[in-house]
2 protein chains.
Amino acid sequence: MSLRYALLALLRVGPLSGYELAKQFTQSVGHVWHAPDSQIYPELRKMEADGLIEAEEQARGERGTRRMYHVTDAGDRAFLAWMTSPLDYQRVRDPAHLRAAYLESASPDAAREFFRRHIEQWEGELAQWDGELRKIDHIDPPNPMLERRLKASPAEEHERIVAYKHFAYEGLVERAKSEIAWAQRGLDLVDKLDGDV
Amino acid sequence: MSLRYALLALLRVGPLSGYELAKQFTQSVGHVWHAPDSQIYPELRKMEADGLIEAEEQARGERGTRRMYHVTDAGDRAFLAWMTSPLDYQRVRDPAHLRAAYLESASPDAAREFFRRHIEQWEGELAQWDGELRKIDHIDPPNPMLERRLKASPAEEHERIVAYKHFAYEGLVERAKSEIAWAQRGLDLVDKLDGDV
DNA sequence: AACAACATGTAAAAAGTTACATGATTCA
DNA sequence: TGAATCATGTAACTTTTTACATGTTGTT
């Protein structure tokens, strides 16, 4: 259940409405921890019930309301406690490597198609993560959340903030590249085994 | 929902009871797709209801029964159809890289502890996967499922069976190694940033 | 007689997915 | 006046986790 900590990470920078948070989320942390809007709104309500965040309701028109959330002291402490606690690692559940292990049951063409789609899949992730990396490194204009984060922190912390984000996304970029390289070797393997027959 | 295909992969080799299947599962496919016994038994019942497998009940003592499962034609077709269909990739949800991206909020010691635990975690996975690889390569005695699989197939298919399994686990071994290398660079980064202050 | 291994589950909760529902405001 | 974007969800379902429940057979 890391979703609430991903949300806290964004809210700690400054108050946001559920809507703004959901938008910023998909453009930043969402690349590391995916969540659809339909999961974010209920989680915010739960976090409010748990006292981690508070909302200020603002009227919009006659019936509409907008809820601006901010982190409470308890929320701040919860985030910091999470940062120090042992992470709960997900159990391994890897559909691609599962299928790869039984690829002898498929035709060479189906095997090739599988690897091609694997490459496509990870090219997509790579593009996302590499895009983030370029924003972090100021090659591309930074995303609004990072900009806000840096403006809200003293200059001497900027190096650390940027360094850890760079390091995290660098790891993901490597992972994507290594998945692509693996699948490319997979295509070679299919050719080799196919030629054998 | 790859669990049923992981189970079908094992059952296609030959009939097994739920218990035997669960045991073999944790020692083979379970390294790629984890599932506890309490998920396997109900899934077998669902697969039976869906006509993918059939059970023959055997009496054990006066009240006990053992259910020997075997794959039906429909189950075989479902497995082969899955092998050819596009895989549904899980959305990214990576607690370690999520935390890494916000490590500036933790103390250098907490950051080091995080990376040390990350190394420990992936050393564990590496040992599992490398162990499987050694069995596949006949360096260690092969696991009973692979032995059965090879005995049930004509000799000319052995190369393909072994090649794909080797290839799948090789990919996982690489992944584990690259996670470990990443965390080790993380420890260096903490030292560098800590020295700065 | 005790213990490991055999054998099969249930129950409750948490987490995640998919599809849908509803209305307000702003700007071209 | 129509479309985009702002704004907040609910409902139903599937998957996964965690903890528990119960009895049998073979071996030392």
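Computation of the quantities below employed the complete heavy-atom set of this structure, encompassing side-chain atoms and omitting hydrogens, waters and symmetry-equivalent molecules. The chains referred to below are lettered A, B, ... by the order of the sequence lines, with proteins before strands, and numbering in each begins at 1.
- For A:Asp88 and D:dT16, the CG to C1' distance is 13 Å, given to the nearest whole Å.
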Pick out the pairs of N or O atoms, protein on one side and nucleotides 25-28 of chain C on the other, that lie under 3.5 Å.
| unit_1 | atom_1 | unit_2 | atom_2 | d |
| --- | --- | --- | --- | --- |
| C:dT25 | OP1 | A:Gly61 | N | 2.4 |

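- Applying the 4.0 Å criterion to OP1 and OP2 of C:dG16, one finds that A:Arg93 has every side-chain N and O outside that range.
- A:Tyr89 and B:His118 have their aromatic ring centers within a separation under 6.0 angstrom.
- Side chains of A:Asn143 and A:Gln24: a donor-acceptor N/O pair is absent below 3.5 angstrom, by distance only.
- Atom CG of A:Leu3 is separated from atom C1' of D:dT16 by 16 Å (rounded to the nearest Å).
- Rounding to whole angstrom units, OH of residue B:Tyr89 and P of C:dT17 are separated by 17 Å.
- Within residues 37-46 of chain B, the residues having any heavy atom under 4.0 Å from DNA chain D are, by residue number, B:Ser38, B:Gln39.
- Here D:dC6 presents its C1' atom at 20 Å from CZ of A:Phe25, a figure rounded to the nearest Å.
- Of the candidate nucleotides C:dT18, D:dA7, C:dA7, C:dA7 has the atom lying nearest to any side-chain atom of B:Glu20.
- Within the structure, every side-chain polar atom (N or O) of A:Tyr19 is placed at least 4.0 Å from both OP1 and OP2 of D:dT8.
- A ring-centre distance under 6.0 Å is not found for A:His97 and B:Trp129.
- The interatomic distance linking A:Glu57 (CD) with D:dT8 (P) rounds to 9 Å, in whole Å.
- The separation between A:Lys23 atom NZ and D:dT5 atom P is 10 Å, rounded to whole Å.
- B:Asp94 contributes a side-chain N or O that, together with a main-chain N or O of B:Ala96, makes up a donor-acceptor pair within less than 3.5 Å.
- For B:Arg91 and B:Ser17, each mapped to the nucleotide of DNA chain C holding its nearest heavy atom, the one lying further toward the 5' end belongs to B:Ser17.
- Salt-bridge formation is detected for the pair B:Arg4/B:Glu43: a Lys NZ or Arg NE/NH1/NH2 atom is positioned less than 4.0 Å from an Asp or Glu carboxylate oxygen.
- Taken together through direct or relayed side-chain contacts under 4.5 Å among Ile, Leu, Val, Met, Phe, Trp and Tyr, A:Val13 and A:Met68 form parts of separate hydrophobic clusters.
- In this entry the distance linking CG of A:Leu7 with P of C:dG16 reads 11 Å, nearest Å.
- D:dC6 atom P lies 10 Å from atom CD of A:Gln24, rounded to whole Å.
- Taking the six-membered ring for Trp and the full ring otherwise, A:Phe115 and A:Trp182 have centroids separated by under 6.0 Å.
- A salt bridge does not link B:Glu125 with B:Arg175: every distance from a Lys NZ or Arg NE/NH1/NH2 to an Asp or Glu carboxylate oxygen is 4.0 Å or more.
- Under a 4.0 Å N-O distance rule, the pair B:Lys23/B:Glu20 does not qualify as a salt bridge.
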